[in-house]
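These notes concern the structure reproduced below.
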Amino acid sequence: ESMTEMQKLMANAVGFEVEVRLVGGFKPCIGKCTGYTPPQDNDPEVAAIDIKINGMPSIYEITEDEIDTLTIKAGKK
C-alpha cells in the first residue's frame with residue numbers, strides 16, 4: 001500500500017521540530033516529532049505522529065486526518 005504525501009511528510013518529520021496546524025484548530029502545535037505510526041500498525045488504520053509539545057509534559061498523538069498542515073522547522077538535534 002502506497003503512502004500518501006502527508007504520510008511521507010509525517011514519517012520524515014521524526015526527530016525534527018515541527019509545526020502542526022490542526023483541522024479547525026485555532027493555533028499551531030509546535031514541538032518535536034518523536035514518532036510515526038503507519039496506518040497498518042494503528043487501530044483504527046490511520047497514520048499518526050507523536051509530538052512532544054514545547055512546555056507540555058505529555059506526548060500527544062495526532063492522526064493524519066487531524067492534520068491540516070505539517071511543517072518541519074529545524075534539523076535533528
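Values below: every heavy atom of this structure, side chains too, minus hydrogens, waters and symmetry copies.
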Do N12 side-chain atoms and K8 backbone N/O form a donor-acceptor pair below 3.5 Å?
yes
Are [Y] and [X] connected into the same hydrophobic cluster when the rule is that any two of I, L, V, M, F, W, Y join if their side-chain heavy atoms are below 4.5 Å apart?
X   : Y   : result
V46 : I59 : no
M56 : I51 : yes
I30 : V20 : no

Side-chain heavy-atom pair L9, I72 within 4.5 angstrom cut-off:
yes
Could you check whether any side-chain heavy atom of I49 comes within less than 4.5 Å of a side-chain heavy atom of L70, counting everything from C-beta outward?
yes
Might you point out which heavy atoms bring E64 and T4 nearest each other, and give the distance in Å?
OE2-OG1, 2.8 Å
Specify the closest pair of heavy atoms between Q7 and P39, including all atoms of both residues, with the distance to one decimal.
NE2-CG, 3.5 Å
Between atom OG1 of T71 and atom CD of E19, what is the distance when rounded to the nearest 0.5 Å?
5.5 Å
Find the distance between CG (D43) and OG1 (T37) and round it off to the nearest 0.5 Å.
12.0 Å
Restricting to pairs with a member in residues 48-62, which pass side-chain hydrogen bond (donor to acceptor under 3.5 Å, both in side chains), not counting sequence neighbours?
E17-N54
